Amino acid sequence: MNERLWSFSGGDHGQWRVTDVIAVTGEALAVTAQIDIVNGAPSRPAVWTLQGVTSNERYVQQDEKQKLVAVQQGLGRAASTQAALIPIRKSAAWWALTQDERRDILEIRSRHIEIGLRYLPPIARRLHHCRDLATVQAYDFLTWFEFAPEHAGAFDDLLAALRNTPEWTYVERETEVRLQRNEGP
């Protein structure tokens with residue numbers, strides 16, 4: 001099993017109950033009742049499944065990585081009963097840029113990492129890369145966020161700040177799926 005592979009399946013079962021699905025840009029995902037998240041391939045049938053792999057940090061310089069590691073906390077905290085899955089696909093123009101040009105847009109012009117640091121540690125996240133898989137995926141990135149209910153407003157502020165950057169002009173499809181952790185087993 002590839003330990004870096006994660007599957008997010010929308011259907012009628014899962015650890016997280018869907019509370020809202022918003023088509024931010026482009027076509028939205030089909031609305032489902034719940035999302036099941038598994039490390040590896042999905043184990044049950046689903047309306048849709050998105051897959052991505054965790055990877056090394058891209059576009060992050062050493063000093064930025066040290067700042068992130070010093071303050072970010074992991075997923076699965078007991079108080080983090082709200083979550084968001086945000087799949088994003090960027091345009092061909094983005095992928096035609098060199099890595100240095102993408103880094104310039106991401107951090108020098110958009111301050112993506114700097115913005116994210118403002119919201120740590122209350123908001124935890126894990127980024128999944130979809131373009132690294134052998135099969136073509138509907139999205140390039142899947143970002144999973146978890147936070148406590150009292151930090152929902154800060155999460156909204158984080159999204160607004162990121163979506164108001166030059167980097168987001170390259171986003172051609174984005175869906176925002178809001179979730180609440182299911183109680184019990």
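These numbers were taken from a predicted model, which means no experiment stands behind them. We're numbering straight along the sequence, starting at 1.
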Roughly how far, to the nearest 0.5 Å, is the [atom2] atom of [Y] from the [atom1] atom of [X]?
X: T49; Y: R44; atom1: OG1; atom2: CZ; answer: 12.0 Å
X: L85; Y: F8; atom1: CG; atom2: CZ; answer: 5.5 Å
X: D140; Y: D132; atom1: CG; atom2: CG; answer: 10.0 Å
X: H112; Y: L117; atom1: NE2; atom2: CG; answer: 10.0 Å
X: L162; Y: R111; atom1: CG; atom2: CZ; answer: 13.5 Å
X: T81; Y: E183; atom1: OG1; atom2: CD; answer: 7.5 Å

Taking all non-hydrogen atoms of both residues, which atom of [X] and which atom of [Y] are closest, and how far apart?
X: L120; Y: Q72; result: CD1-CB, 3.9 Å
X: P122; Y: R77; result: O-NH2, 3.0 Å
X: V47; Y: A30; result: CG1-CB, 4.1 Å
X: A161; Y: T165; result: O-CG2, 3.2 Å
X: A23; Y: A28; result: CB-CB, 3.4 Å
X: E172; Y: A92; result: OE1-N, 4.5 Å

Using modelled atom types and a 3.5 Å cut-off, is there a donor and acceptor pairing between side-chain atoms of [X] and backbone atoms of [Y]?
X: Q180; Y: Q82; result: no
X: S110; Y: E107; result: no
X: R173; Y: E27; result: yes
X: D36; Y: S9; result: no
X: N39; Y: L5; result: yes
X: R126; Y: T54; result: no
X: E101; Y: T98; result: yes
X: Q66; Y: D63; result: no
X: Q34; Y: D12; result: yes

Under 6.0 Å between ring centres: does that hold for F141 and H128? no
Are the aromatic rings of Y119 and F155 close, with centres under 6.0 Å apart? no
Listed by chain and number, what are the side-chain contact (heavy atoms from CB on, under 4.5 Å) partners of D156, not counting sequence neighbours? R178
For Q137, give me all partners under side-chain contact (heavy atoms from CB on, under 4.5 Å), at least two apart in sequence or on another chain. Q51, C130, L133, T135
Treat each ILVMFWY residue as a node, draw an edge where side-chain heavy atoms are under 4.5 Å apart, and state whether [X] and [Y] are in one component.
X: V21; Y: L142; result: yes
X: W144; Y: L29; result: yes
X: V69; Y: V60; result: no
X: V177; Y: F145; result: no
X: L127; Y: Y170; result: yes

Please determine whether a side-chain nitrogen of the Lys or Arg among E167 and K90 lies less than 4.0 Å from a carboxylate oxygen of the Asp or Glu. yes
Can you tell whether the side chains of R89 and E174 come within less than 4.0 Å, N to carboxylate O? no
W94 vs V171, test: side-chain contact (heavy atoms from CB on, under 4.5 Å). Steps then yes/no. CA-CA 9 Å; W94 173 263; V171 173; over 6 Å; no
Any side-chain heavy atom of Y139 within less than 4.5 Å of one from L50? yes
Please tell me if the side chains of I86 and T175 come closer than 4.5 Å, counting only heavy atoms from C-beta onward. no
If you link ILVMFWY side chains whenever their heavy atoms are less than 4.5 Å apart, which other residues fall into the same cluster as I22? By chain and number, please. V24
Once side-chain hydrogen bond (donor to acceptor under 3.5 Å, both in side chains) is applied, what residue pairs with a partner in residues 14-26 remain, sequence neighbours excluded? none
Taking only residues two or more places apart in sequence or in another chain, which ones pass side-chain hydrogen bond (donor to acceptor under 3.5 Å, both in side chains) with W6? none
With sequence neighbours excluded, tell me which residues meet ring-ring contact (aromatic ring centres under 6.0 Å, His included) with W48. none
State, without any angle test, whether R103 and Q99 hold a side-chain donor-acceptor pair at a distance under 3.5 Å. no
Does L158 form a side-chain contact (heavy atoms from CB on, under 4.5 Å) with F147? I'd like the steps, not just the answer. CA-CA 12 Å; L158 167 65; F147 47 92; over 6 Å; no
